[in-house]
Amino acid sequence: MNVCFFGGRLVRDFEERSLNDDSVVLTNALAIKKSKDKTVFVDIAIFTTHLCDLAKRYLKKGDYCIYECELTYSDKDGKRYYSAVVKNIIFTQNNKKKEG
């Protein structure tokens, strides 16, 4: 089973792209603080329509949230790049509905 949890702050507002099958994917990156001087960045993607709607409505740059993910990777130019496909969003207390 490939399940992991990441808690971090969103680096930017979600970027939305349309796929060939008329579905939508949201992408972003999480800044995960490992220690006082060390931060790790993890790319995330959301494919599920329901979770895309929630993320667009409630989450914005700087919000802290915990995500249940499936870790994936791809190899390019001799390097391995990791990303996380979001399977569930666990909201935290500091998130508020976007105004406007």
- Query: Take atom CG in D21; do more than 12 heavy atoms of anything else shown fall under 6.0 Å from it?
  - Reply: yes
- Item | Side chains of F6 and L71 in contact at under 4.5 Å (non-hydrogen atoms) | yes
- Message: Are Y82 and V42 connected into the same hydrophobic cluster when the rule is that any two of I, L, V, M, F, W, Y join if their side-chain heavy atoms are below 4.5 Å apart?
- Response: yes
- What distance do L59 atom CG and R9 atom CZ have between them, rounded to the nearest 0.5 Å? 12.0 Å
- Query: Roughly how far, to the nearest 0.5 Å, is OH of Y73 from OG of S83?
  - Reply: 11.5 Å
- Message: Assess whether a salt bridge exists between K87 and E70, defined as any Lys/Arg side-chain N lying under 4.0 Å from an Asp/Glu carboxylate O.
- Response: yes
- Tell me, do Y58 and D63 make a side-chain contact under 4.5 Å, heavy atoms counted? no
- Flag side-chain contact, heavy atom, 4.5 Å: N88 against Y67: no
- Task: Starting at CD1 of I89, measure out to CG of L54 and round the result to the nearest 0.5 Å.
- Result: 6.0 Å
- Message: With side-chain contact (heavy atoms from CB on, under 4.5 Å) as the test, pick out the partner of I44 among T27, L26, V85, N28.
- Response: N28
- Task: Report yes or no: do V25 and F14 belong to one cluster of Ile/Leu/Val/Met/Phe/Trp/Tyr joined by side chain heavy-atom distances under 4.5 Å?
- Result: no
- In this structure, NZ of K56 is separated from CD1 of I46 (nearest 0.5 Å) by 10.5 Å
- So do L10 and L30 actually touch side chain to side chain, heavy atoms under 4.5 Å? yes
- Side-chain touch V24/F47, heavy atoms, less than 4.5 angstrom: no
- Task: Decide whether Y81 and V86 are clustered together by the hydrophobic rule: side chain heavy atoms of Ile, Leu, Val, Met, Phe, Trp, Tyr closer than 4.5 Å, transitively.
- Result: no
- Verify whether one side chain among D37 and S35 offers a donor that lies under 3.5 Å from an acceptor in the other. no
- Would you say the side chain of T39 lies within less than 4.5 Å of the side chain of K34, judging by non-hydrogen atoms? no
- Item | Pair D13 + K61: basic N to acidic O under 4.0 Å | no
